[in-house]
Amino acid sequence: LWDPAAVDPELHRAPETVPGPAPVTIAPDGPTTSVQVLRWHAVAGADRYRVTLFDEGGDVIWESALPDTVAGLPGDVAFEPGRDYFWIVSARTGFDRWETSGLTEFSVTRADTR
């Protein structure tokens, strides 16, 4: 008969997970005159990235998932001069495992004339 009290719990623990490197945003960051793409550094072993763009109230105004480190914004995403915007990017580094960048803030200093 199997005795659960005789099992060493250390032998049956799942391996400890250590967070991997998070993606680092490149641009936009801070004041800029125009925003057409979001760029970030690649994360070793990542096969997918999820990027989210927020307005200054915290509402999501655009989101996408892609295998690259550059996300082109669609034409219907417009920025108002003087308002703050924020974005983050997450890298999928394993099954259901995502590492997320810090929140990056930017503003558009004049009308975005894409």
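The residues of the chain are indexed from 1 along the displayed sequence.
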Determine all donor-acceptor pairs shorter than 3.5 Å in which one atom belongs to a side chain in residues 24-32; sequence neighbours excluded.
residue, atom, partner, partner atom, Å
Thr25, OG1, Thr104, OG1, 2.6
Thr32, OG1, Ser34, O, 3.4

Query raised in the report: Considering residues at least two apart in sequence or located in another chain, which fulfil the salt bridge (charged side-chain N to carboxylate O under 4.0 Å, His left out) criterion with Glu56?
Result: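 With neighbours one apart ignored, the set is Arg83.
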
Query raised in the report: When hydrophobic residues are tied together by side-chain contacts of less than 4.5 Å, even through go-betweens, does Phe86 share a cluster with Val60?
Result: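 Yes, because Phe86 and Val60 connect within a single hydrophobic cluster, where side-chain heavy atoms sit under 4.5 Å apart.
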
Query raised in the report: Shared ILVMFWY cluster between Leu66 and Trp62, side chains joined below 4.5 angstrom?
Result: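 Shared cluster, yes.
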
Requested in this report: Give the intermediate values and the outcome of side chain to side chain contact (heavy atoms under 4.5 Å, CB included) for residues Ile61 and Tyr85.
Outcome: CA-CA 10 Å; Ile61 57 175; Tyr85 297 91; 3.9 Å; yes

Report task. Could I get the full list of ring-ring contact (aromatic ring centres under 6.0 Å, His included) partners for Phe54, not counting sequence neighbours? Result ->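 Testing Phe54 for ring-ring contact (aromatic ring centres under 6.0 Å, His included), a comparison that skips the adjacent residues, returns none.
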
Query - Full working for side chain to side chain contact (heavy atoms under 4.5 Å, CB included) between Leu38 and Val89 - result: CA-CA 9 Å; Leu38 305 175; Val89 60; over 6 Å; no

Query raised in the report: Can you name the side-chain hydrogen bond (donor to acceptor under 3.5 Å, both in side chains) partners of Ser101, sequence neighbours left out?
Result: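 Testing Ser101 for side-chain hydrogen bond (donor to acceptor under 3.5 Å, both in side chains), a comparison that skips the adjacent residues, returns none.
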
Requested in this report: Specify the closest pair of heavy atoms between Val43 and Pro21, including all atoms of both residues, with the distance to one decimal.
Outcome: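 What the structure gives for the nearest pair is CG1-O, 3.5 Å.
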
Report task. Work out which heavy atom in Ile88 is nearest to a heavy atom in Gly102; give both atom names and the distance. Result ->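 Smallest interatomic distance, heavy atoms only, reads CG2-O, 3.8 Å.
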
**Report entry** Val70: hydrophobic cluster co-members (side-chain, 4.5 Å)
**Finding:**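 Via sub-4.5 Å side-chain contacts, Val70 links to Val37.
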
Query raised in the report: Under the side chain to side chain donor-acceptor pair (under 3.5 Å) rule, what pairs show up with a residue in residues 43-54, not counting sequence neighbours?
Result: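 Sorted result for residues 43-54: Asp47-Arg92, Thr52-Glu63.
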
